[in-house]
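Residue numbers start from 1 in every chain, and the chains themselves are labelled A, B, ... in the order their sequence lines are given, proteins ahead of strands.
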4 protein chains.
Amino acid sequence: MTDQSEITARKRRPEARPSEILEAALDLFTERGFNATRLADVASRAGLSKAAIYLYFNDKTSLLTALVQATVGANISLASDMISKHQGPVAPLLRQLLSFMAGRMEETRMPDLIKLVISESRAHPEIGHFYLDNVIGKALPLFQSLIERGIASGEFREVDPRLTVKCLVGPMLLGAIWKSAFEPIGADPIDISALAAHDADLIIRALRP
Amino acid sequence: MTDQSEITARKRRPEARPSEILEAALDLFTERGFNATRLADVASRAGLSKAAIYLYFNDKTSLLTALVQATVGANISLASDMISKHQGPVAPLLRQLLSFMAGRMEETRMPDLIKLVISESRAHPEIGHFYLDNVIGKALPLFQSLIERGIASGEFREVDPRLTVKCLVGPMLLGAIWKSAFEPIGADPIDISALAAHDADLIIRALRP
Amino acid sequence: MTDQSEITARKRRPEARPSEILEAALDLFTERGFNATRLADVASRAGLSKAAIYLYFNDKTSLLTALVQATVGANISLASDMISKHQGPVAPLLRQLLSFMAGRMEETRMPDLIKLVISESRAHPEIGHFYLDNVIGKALPLFQSLIERGIASGEFREVDPRLTVKCLVGPMLLGAIWKSAFEPIGADPIDISALAAHDADLIIRALRP
Amino acid sequence: MTDQSEITARKRRPEARPSEILEAALDLFTERGFNATRLADVASRAGLSKAAIYLYFNDKTSLLTALVQATVGANISLASDMISKHQGPVAPLLRQLLSFMAGRMEETRMPDLIKLVISESRAHPEIGHFYLDNVIGKALPLFQSLIERGIASGEFREVDPRLTVKCLVGPMLLGAIWKSAFEPIGADPIDISALAAHDADLIIRALRP
DNA sequence: CATGAATGAGGTTTCATTCAT
DNA sequence: AATGAATGAAACCTCATTCAT
């Protein structure tokens, strides 16, 4: 149909196949939801036959799993580095971290991933667990330790760090869901970076002794 | 076999049928997700035959729609009343509203509903739209007007009310999703009321001129 | 298409469904083998939709299992009765039993069943086991006890009863396989009754002291 | 990875390829049945790629055909020789032939082959025909001519030679099927040589004038 | 009002078979 | 001679949905 793309799959570099497939899958999972997505559509969007997908993945579910695993890890460890290396007052780092998260939300497909995980965690608990262990279970303690450091140094007043962390992160979650679930349906576009900056502002102010 | 419990379906007050069905449906949608829920299971949990469901609902999707519609309306108008009737400083009302939301989150199945809507809004856009129009589109402006009132009266400093509202509501969303998606998978239970109180605290402090 | 048979499945007595399905299945399994038989064909030969089969059976394999179970039991216990009630010389009973077996082979579809079991026992070991336990494990000992009785009474000379039984039964097995596997392919038809009579003759003569 | 064992496929005497493949195929056909055997498994057991099989065989079915053809011929002509060269009383030759058959059954994979042919003759009639023409159609007449010779010479009494042959061969068939289909499933092991000897004994006795 | 029985429409998955190198 | 990559064709099975009673 289209010029180039008719170069049959046999010709294209096969190392790229898995990521091509995952990309197609994420697009469709996002557009229609996991269940409503037909493997046939993933295949044809990836320029392959249905059967070819099974050369690289075991299952329809494996696509989801792979997607989540591929998108996670890196970001967390990056943030973790930022925090451990940091010295001095906590507030600027907090701003920086939220800004970093916002960046991820805007530049990558993390919002879609997050929504996907939330949506599918009941039907595919392995995915929920993976996310719980590797994202939530790492990110929240990271932020929490930051807050605690601020309290210890007298930069922040005494607050429950656990609750505070959730208040800090909540708006980011809202941003992700807004972007992935509601924008495509007609909601006003959301400026996650601005939201993050404002969030940081509010929290830092609210924590002043 | 034909003792008491078998008289059920026919003898039980038949006006209650629809809500019995909806209850069963919500249970199962929550446990397994919308797609993974078999109409047969909804039926048997409601003590009816599959076919009987079609006497009360058109569709599997109608169950979802009905569920959302049934759970939404009331709360919003209640909150709306609280706000319009209120006079004097805004901060206490803000606390009250968040506490009210937290109550709903803990006493009703709203968290499940919210998660369901988020999950299915792509596959069933009508539901997404309904929620956007009737919940998000009403609740956020309500809060926003409150903030604006506070700013106007000098109780709050000047902030972007739109972003502030999202920061205010974000933690509640996080609470809902936590409860519906992650608690059942093993996450620590969350105390949404405490979260709401803390959220109110932080925001009010942060908005002090 | 055809007059009567177009009375949709909804009308016909539903209690007969399982056996109708099994009959269709046996026909086709016999004609084409288990694997080569399409469930769709079973369905349409039974005058049903594919899906309807699943109202009565779990699996394609269940059809096979059910088929075997349905055809087995009765015959064995019948033979068992004949033997236990019998008194006097063994030889006539032997003839009678072989003649009975031959009758079953000619009047029922036992040959097809036997061939089916032999063919599928590797791929579906449950079936092999069932047959081993309920047919082979019962029939051979039955015959064996008869031979032993004959030896004890002096009617027969001393022989290894185990081997003798296999020599007695072998020709019947040959008959079954011939009929089910080779006749339909063009082999001369086989007269199992005559074979059984001759078999009895030979054995009885061979066992004379 | 690329040590010794990896040189295999290319270096090993390539003339042996077909028989290596057939061996692998027979193993698997026997273990799992023809249909349940994946060409991929045959390939990997033969130390080749799936595609390589097609360099030597046209079809999955061709493997079966080749297998049958390779195992058949020789034995028959051997027996045929024994018979035509023989002179004098028939009984000893009968014993010898049965013993020879038993040997084949125990030393070669003929039982598996026989079971395979029986199982697949409906789905692959060519195979059935081949077997009918080359094995059954040759072996039975051979035995029959022997019996007839015995009757003519007065060594045996007058019996229907056709039926007698089937009674003679039946136990051998039983032995083959027992060994291939039921032993692997847990049936007591069978001593085919003893069975053959006993079979010969009984028949010879039964045929005495 | 209620249901047991039936089905249409499809989706995921599997595999023998073939290209292109 | 050999293979990794790809695919067409189909089979099994599931389920929302509808009849006929």
Side-chain angles (χ1 to χ4, degrees), chain A residues 8-15 17 35-43 46-63, chain B residues 8-12 14-15 17 35-43 47-63, chain C residues 8-15 17 35-43 46-63, chain D residues 8-12 14-15 17 35-43 47-63:
Chain A
T8 147
R10 293 194 200 257
K11 307 259 180 171
R12 286 157 10 213
R13 68 253 119 86
E15 332 81 66
R17 226 34 50 85
N35 272 279
T37 297
R38 306 294 145 227
L39 225 31
D41 296 338
V42 175
L48 286 172
S49 68
K50 259 182 299 177
I53 293 185
Y54 287 87
L55 295 175
Y56 302 96
F57 298 93
N58 291 318
D59 257 336
K60 194 185 174 189
T61 303
S62 306
L63 290 179
Chain B
T8 49
R10 264 171 228 262
K11 301 244 171 167
R12 277 173 354 214
E15 339 79 69
R17 222 40 50 81
N35 272 282
T37 296
R38 307 292 146 231
L39 223 35
D41 297 337
V42 175
L48 284 172
S49 71
K50 252 187 304 179
I53 293 186
Y54 287 87
L55 296 173
Y56 302 96
F57 298 92
N58 292 317
D59 252 339
K60 195 185 176 189
T61 304
S62 306
L63 290 178
Chain C
T8 148
R10 294 195 200 258
K11 307 261 180 170
R12 285 158 9 213
R13 66 255 122 84
E15 331 80 67
R17 227 34 51 84
N35 271 280
T37 297
R38 307 293 145 228
L39 226 32
D41 297 338
V42 176
L48 285 172
S49 68
K50 258 183 299 177
I53 293 185
Y54 289 87
L55 294 176
Y56 302 96
F57 299 92
N58 292 318
D59 256 335
K60 194 185 174 189
T61 303
S62 306
L63 290 179
Chain D
T8 50
R10 263 171 228 264
K11 301 245 169 166
R12 278 171 352 212
E15 339 79 69
R17 221 41 49 81
N35 272 281
T37 297
R38 307 291 146 233
L39 224 34
D41 297 337
V42 175
L48 285 173
S49 71
K50 252 187 305 178
I53 293 185
Y54 286 87
L55 296 173
Y56 302 96
F57 298 92
N58 292 316
D59 253 340
K60 194 188 176 187
T61 303
S62 306
L63 290 178

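- Taking CG of C/Leu55 as the start and CG of C/Leu48 as the end, the distance is 8.5 Å to the nearest 0.5 Å.
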Along nucleotides 9-14 of chain E, 5' to 3', which nucleotides get a B, which get an S, and which get a -, given that the test is a protein heavy-atom distance under 4.0 Å? -BSBBB

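- Annotation: side chain to side chain donor-acceptor pair (under 3.5 Å) contacts of B/Asn35 (sequence neighbours excluded): none.
- Residue-level contact check: B/Phe57 touches neither bases nor backbone, having no heavy atom under 4.0 Å from any strand.
- Residues A/Lys50 and A/Ala40 come closest through the heavy atom pair CG-CA, 3.6 Å.
- The side chain of A/Ser49 lies closest to F/dT7 when the candidates are F/dA2, F/dT7, E/dT3.
- Contacts of A/Asp59 classified as side-chain contact (heavy atoms from CB on, under 4.5 Å), with partners at least two apart in sequence or in another chain: A/Thr61, A/Ser62.
- Atom CG of A/Leu63 sits about 10.0 Å away from atom CG of A/Asn58, to the nearest 0.5 Å.
- Within the structure, every side-chain polar atom (N or O) of C/Tyr56 is placed at least 4.0 Å from both OP1 and OP2 of E/dA5.
- Following rounding to the nearest Å, D/Ile53 (CD1) and E/dT17 (C1') show an atom-to-atom distance of 11 Å.
- Listed by chain and number, the residues in a side-chain contact (heavy atoms from CB on, under 4.5 Å) with A/Tyr54 are A/Leu39 (sequence neighbours excluded).
- One can place CG of D/Leu48 at 17 Å from P of E/dT17, the figure rounded to the nearest angstrom.
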With pairs defined as Watson-Crick or G-U wobble and both distances under 3.5 angstrom, please note down DNA chain F as a dot-bracket string, | for pairing with another strand. .||||||||||||||||||||

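- The two atoms that bring B/Ala43 and B/Ser49 nearest to each other are CB-C, 3.7 Å, heavy atoms only.
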